[in-house]
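Since the structure comes first, as structure tokens, the remarks are kept for the end.
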Amino acid sequence: MKLHEYQSKFLFRDFGIPIPLGKVATSADEAFAISSDLDGVVVIKAQVHVGGRGKAGGVKVAKNAAEARQYADDILGMDIKGLRVNKVLVDPGADIQQEIYLAITNDRSAGKPLIMASMEGGMDIEELNRQRPEAIVREHVDPFAGLQDYQMTFIASAMGLPRAQWRSFAKILRGLYQCYTESDAELAEINPLVITGEGELLAVDGKVIIDDNALFRQPALVEQRDTSDEPESERLAREAGITYIKLEGQIGCMVNGAGLAMTTMDMTKLYGDADGIGPANFLDIGGGATPEQVAAALRIILSDENVKCVLFNIFGGITRCDEVANGILTAYNEVNPSVPMVIRLQGTNAAEGNSIISEAQIPNLISADTLTEAAQRAVAAVKEQA
Amino acid sequence: MKLHEYQSKFLFRDFGIPIPLGKVATSADEAFAISSDLDGVVVIKAQVHVGGRGKAGGVKVAKNAAEARQYADDILGMDIKGLRVNKVLVDPGADIQQEIYLAITNDRSAGKPLIMASMEGGMDIEELNRQRPEAIVREHVDPFAGLQDYQMTFIASAMGLPRAQWRSFAKILRGLYQCYTESDAELAEINPLVITGEGELLAVDGKVIIDDNALFRQPALVEQRDTSDEPESERLAREAGITYIKLEGQIGCMVNGAGLAMTTMDMTKLYGDADGIGPANFLDIGGGATPEQVAAALRIILSDENVKCVLFNIFGGITRCDEVANGILTAYNEVNPSVPMVIRLQGTNAAEGNSIISEAQIPNLISADTLTEAAQRAVAAVKEQA
Amino acid sequence: MSILIDRSAKVLVQGITGRQGGFHAKLMMEYGTDVVGGVTPGKGGEWFEGKPVFDTMRSAVETTNADVSLVTVPARFAGDAVMEAADAGIRLVICLTEHIPVADMMQVVEFCRQRGTRLIGPNCPGVMTPGQAKVGIIPAMVAMPGNAGVVSKSGTLTYEVGFAMKNAGIGISTIVGIGGDPVIGTTFVEVLEMFENDPETEKVALLGEIGGSAEIVAADYIRNAMTKPVAAFIAGRSAPAGKRMGHAGAIVDGGEGSAEEKIQALEAAGARVAANPEEIPGLLA
Amino acid sequence: MSILIDRSAKVLVQGITGRQGGFHAKLMMEYGTDVVGGVTPGKGGEWFEGKPVFDTMRSAVETTNADVSLVTVPARFAGDAVMEAADAGIRLVICLTEHIPVADMMQVVEFCRQRGTRLIGPNCPGVMTPGQAKVGIIPAMVAMPGNAGVVSKSGTLTYEVGFAMKNAGIGISTIVGIGGDPVIGTTFVEVLEMFENDPETEKVALLGEIGGSAEIVAADYIRNAMTKPVAAFIAGRSAPAGKRMGHAGAIVDGGEGSAEEKIQALEAAGARVAANPEEIPGLLA
């Protein structure tokens, strides 16, 4: 779960990290009021769950409150990469002498928290990593022992931070690590952490992503979830406990298991790409695949207008294919889709399952034996409608 | 640093451990008021830093507030093993079905926290360990990973706790471990932890000892230090930064280094025991031994009326014996002790140091070459006065 | 013997009195796995299908001499269960549970490492040595005994490939589902190394997916140290960047972990990479 | 070679710019110890008596190839300093600092154990191999080279005994001050084992004191595995129970850790126990 910039920075503040004294506005008038209070140059920043907002015009510097009102009015309601801006952060302008990058993330390979720090902050870490990987100091943290003081000295020293800032940097890094662990963050990033003209450190921009699997023990963070820019279908799926991701293609996929679901998507693209045909979604129906779940998933898939065909790919292991077939028929009758459905059942009781489907004699229901066959038939079904 | 029973239990309460609803009284009238509020049988317990208060008459059960007043009056001011009782805890009587022992301590050999638990609580753990060691469940905790849930299940199961109490026991053990770590305790003990008639768990008596070396980060606990029963001389020494422990003998010992200080004590006893002569104190003057420190230590040693002779034993390593000799002379002139002083200087510049002492030609100053000689001369000096 | 488990493995099921745990314990026993008991705190003394249930792993191991454990308990208790198994001296812990927080797993993996316990998973289908034993939820029907090793991040995709191999007449020495989480106990490389050293295994199928760099590290190992042929499939070529595809670990992030780079690395290392998992049997034949 | 250190040891002093650290670093260099530099965070780039000062142990080790470190920093930073040394790959860390909280030391000792770093101390006078090198504060004049090993919980008592040995013409292979704290990095048994395996050592003096059971465990080792003669002294026969005698670890608690039980155990194990430390040279002669 991603936090907005303002949520991230307010969270940092709870862990003793200095941030600008800005506030959030949802209207131009509010932005005007906040700017008047701040009295001076302010920065108006769109709060959306997507990168590159600066280039998209979502960040503006205003010299006074009147300008702030104007810019907030411009930015609020703006569409950035398909997401609507509903909030702006109005921050006082900072006197920036140096931009530092500082982040803590889960290193998958090492299985340990990883601190990354660089004196060349401001730009994207991936970009920095491509251009000047040697400019990034990397330090793992022992997941039991936690961050040690000597590691903070090492990082400050290795990155070339001026000694005058070592003590305040250590305090910020300590706070960020605490924030990272206590919030179950996958990423806690300050970019840039700036050195001001007075030599103070200030977290000017921040990004926090919370581990979805840990939300059960982060009730205060869950309350901050902002779903206003989440696609409706994904929200419905999340509420139904189904993992669904909307894509741009025409073949709606309903599969059991995440790996097989990705594979099924890949197959539709493998055989359809030449004709501009591909997957309309990722959907993992999970282990059970009861008629209720199948029906809910089917409704979500069909809510996408691009969908011209639904591809069921179920590998019956513990789940028996005959039961799944019955589930599909029940769901079919309930939802009554107008697009063709390709059904491929394999594994335990596959023969019985396929008989049930073919005996139902529904013209829109196309049976397939292998995954290859299923993908090819789904592609063909879409092409027929073109 | 030892906490009183009431301090220990109030600390437990901060960590979610259920304790009786008692209060502390410093007068019989207060005890009457508390008992009246509690309305029922109460227990009046002397709060002193010593074991065995029950046998000494420091714990009484009162059927009503009038009795409580009487018993509090009896116990307050009482002398228990040399310590004056200044406070009593007035606790409501508990309906005790079973007494459990539960403690966490530092295991020196393993270098890890050790949990000890037994269904045979109430008695002294050393006593239990002698009588029925197999009745004590012992479980180490990884100092980094901390106490794990499975360990709590193991302890509850291995000690034979009824299943009905597992959940509340785990909550208490979790709280006690947190109390132990967050308070830098050497020992956090509940004895007894009782199962009441209603099947509830209740910490009826408690004992917490804080690691003296960690007091710098435990300001709230330092404030609870009760020195009212500490010997005046030990308090003065503590305030002067000198480690001093009063003993029962006649030879005041001033030594550099704890191991050598104990050894010096041992030597006075080795050669004096047959005549009832032994060490009057433990005192480690530390590394520096400046004239000021020597003078302060000398005053503390001489504040003990039993002292008939002072034995200096200084092994000069980094410290030079000639400097120590000068320090001793300065302190001597300042304090002007009436008892004889045996001075043994060894190690770096010992010859020069001994010359300084002998040249001072003070009749009461006896020089010695070896530790053996020094101890024997100190014993002889005491005998001469008998 | 095969890698990780064979018919001599003595298996405990942690969470055996739960619905999922009990269901799979039965299937494992039917398959021939020597399930010697189970653990559910608070239910010690009960019996499950003739096998004793214990309150703690320590007492279970003492009584049964089990050396393998299957963890089927819910996510918020699973980390503790794995550590309990490691602390009790279990050699191999297989953790099916999904949705365990990464922070917990980082500690659990370190805990197991310190105690010399091998952990497979979490969020994995388990391990099966066809014809001998299975520990986990891999269906019996997806594989027959043979000389090809299978290692995979995924569940049903593994069944799919195993089944296709079976239909093509290719048997399997051992299937290892390592799991699709970001932090897991055993990586591709470690399993490849076991297969490389296993006399029963002559060739290996590796089923990867987008996210992380485990397949890249595996490619390095294949190039530098592997003598046996490897056929591979990487799921997620059509997945968009920045989206988590079901598995907590399946996400292309900051340009890293894409299917393309993994496929390239594997091909450069000499593995044959299938565009379609149903080609795997052909590549292994 | 002798145990733990000889003239080839390359030593870093953590806290070298501090008063105590600098003072002892100089004495060590005068003794012939190869002090290759020091570490004080924030003072990297300075020089101390011609040796470089670094900000971190990692950079110090990279530059100097040091394998031994002496920790002389104040108690609240000492645990971190030891861990820094262990993390930097130092083989042997000697920690002089006293008054470190036990909770910190339990973690530090575990940290060193996991990383294969030997820790001596804390709250110890250090290690000296007479005629070769000393790391710590043991005065040069208390010992001459020879074939007796000395291991002790105490500082000045050790000097006393070493000096008495020297006066009696008995030289020392290595003196190890293990420290008087409750939780320490290296115990009596570990040092006895080193002496037992050291060709330069023919006999051993063990100086213990009240508190804990390390001397009892040492007695077991002496009885079961030690072929070289051991003379011992236990300080604290006249100490009252329940009082901490200066050293954090020197306390007889609940009837455990008394001088009597230690003396009995050592005598039963065949060690010769002196009632007076000045008898030690005679017992070793």
Side-chain angles (χ1 to χ4, degrees), chain B residues 50-51 106-113 124-126 129-130 142-144 180-181 184-186 211-214 216-217 243 245 247-249 255-263 265-271 273 278-279 282-284 287 313-318 346-348 370-372 375, chain D residues 23-24 27 75-76 98-107 109-111 137-139 141-142 152-160 163-164 180 182-184 187 207 209-214 217 233 235-240 243-250 254-256 259 275-278:
Chain B
V50 72
N106 302 333
D107 182 348
R108 300 165 56 134
S109 312
K112 287 177 181 170
D124 211 69
I125 185 71
E126 287 90 19
N129 191 33
R130 267 188 293 275
D142 182 306
F144 282 117
Y180 160 85
T181 52
D184 275 304
E186 290 176 5
D211 179 358
D212 289 330
N213 287 339
F216 71 89
R217 61 189 179 202
T243 312
I245 294 159
L247 303 172
E248 303 304 314
V255 189
N256 65 332
L260 191 57
M262 273 188 274
T263 303
M265 282 162 45
D266 292 350
M267 292 304 98
T268 63
K269 198 174 176 204
L270 180 66
Y271 296 111
D273 207 24
F282 169 94
L283 190 149
D284 176 6
N313 183 25
I314 304 293
F315 194 98
I318 307 312
Q346 194 46 280
T348 310
T370 65
L371 171 53
T372 307
Chain D
F23 180 72
H24 291 293
L27 290 178
R76 65 183 77 186
E98 60 178 335
H99 299 311
I100 304 178
V102 177
D104 294 8
M105 278 317 301
M106 292 195 292
Q107 295 195 332
V109 166
E110 177 66 21
F111 192 94
I137 61 172
I138 300 174
M141 52 84 70
V142 305
S152 170
K153 273 184 176 175
S154 166
T156 45
L157 174 59
T158 312
Y159 312 162
E160 181 87 63
F163 194 61
V183 174
I184 53 179
T187 62
L207 309 177
E209 64 188 29
I210 53 166
S213 59
V217 182
F233 174 76
R237 272 193 233 224
S238 60
K243 291 279 186 178
R244 204 175 296 274
M245 308 305 281
H247 284 159
E256 291 204 337
N276 176 333
E278 291 177 331

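A, B, ... follow the sequence lines: proteins, then strands. Residue 1 opens every chain.
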Chain B contact via [X] - side chain, backbone, both or neither, heavy atoms under 4.5 Å:
X       : answer
A75(D)  : neither
V142(D) : side chain
M245(D) : both
E209(D) : side chain
E278(D) : side chain
S154(D) : side chain
L27(D)  : side chain

**Item:** Max heavy-atom pair count under 4.5 Å with chain D, selected residue of A375(B), G347(B), S109(B), G278(B)
**Value:**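 Top option by heavy-atom pairs under 4.5 Å: G347(B).
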
**When Y271(B), Y180(B), F216(B) are compared by non-hydrogen pairs under 4.5 Å with chain D, the top option** =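 Of the options given, most contacts go to F216(B).
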
**Message:** Any carboxylate oxygen within less than 4.0 angstrom of a Lys/Arg side-chain nitrogen, looking at E186(B) and R244(D)?
**Reply:**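 R244(D) and E186(B): salt-bridged.
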
**Request:** May I ask you to decide whether R217(B) forms a salt bridge with D104(D), counting only side-chain N to carboxylate O separations under 4.0 Å?
**Result:**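 Salt bridge flag = yes for D104(D) with R217(B).
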
**Prompt:** Where is the tightest heavy-atom contact between N256(B) and I314(B), given as atom of each residue plus distance?
**Reply:**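 Where N256(B) meets I314(B) most closely, the heavy atoms are OD1-CA, 3.4 Å.
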
**Prompt:** What are the two closest heavy atoms between F233(D) and A275(D), and how far apart are they?
**Reply:**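 Taking every non-hydrogen atom into account, CE1-O, 3.5 Å.
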
Okay, side chain of [X], backbone of [Y]: is any donor-acceptor separation there less than 3.5 Å?
X       : Y       : value
T348(B) : G316(B) : yes
D266(B) : R237(D) : yes
N106(B) : A103(D) : no
T243(B) : G246(D) : no

Side chain, backbone, both or neither of [X] within contact of chain D (heavy atoms, under 4.5 Å):
X       : answer
L371(B) : both
A110(B) : backbone
K112(B) : both
D273(B) : neither
M267(B) : side chain

**Message:** I'd like to know which of V109(D), I100(D), N276(D) tops the heavy-atom pair count under 4.5 Å against chain B.
**Reply:**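 Result: the option with the highest number of such pairs is N276(D).
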
**For chain B, the option from M141(D), M105(D), H24(D) that forms the most heavy-atom pairs under 4.5 Å** =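 Counting heavy-atom pairs under 4.5 Å, the top option is M141(D).
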
**Request:** Calculate, to the nearest 0.5 Å, the distance between atoms NZ and CD1 belonging to K153(D) and I184(D) respectively.
**Result:**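 Result: 7.0 Å between the selected atoms.
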
**Request:** Show your reasoning for whether side-chain contact (heavy atoms from CB on, under 4.5 Å) applies to F315(B) and T158(D).
**Result:** CA-CA 10 Å; F315(B) 194 98; T158(D) 312; over 6 Å; no

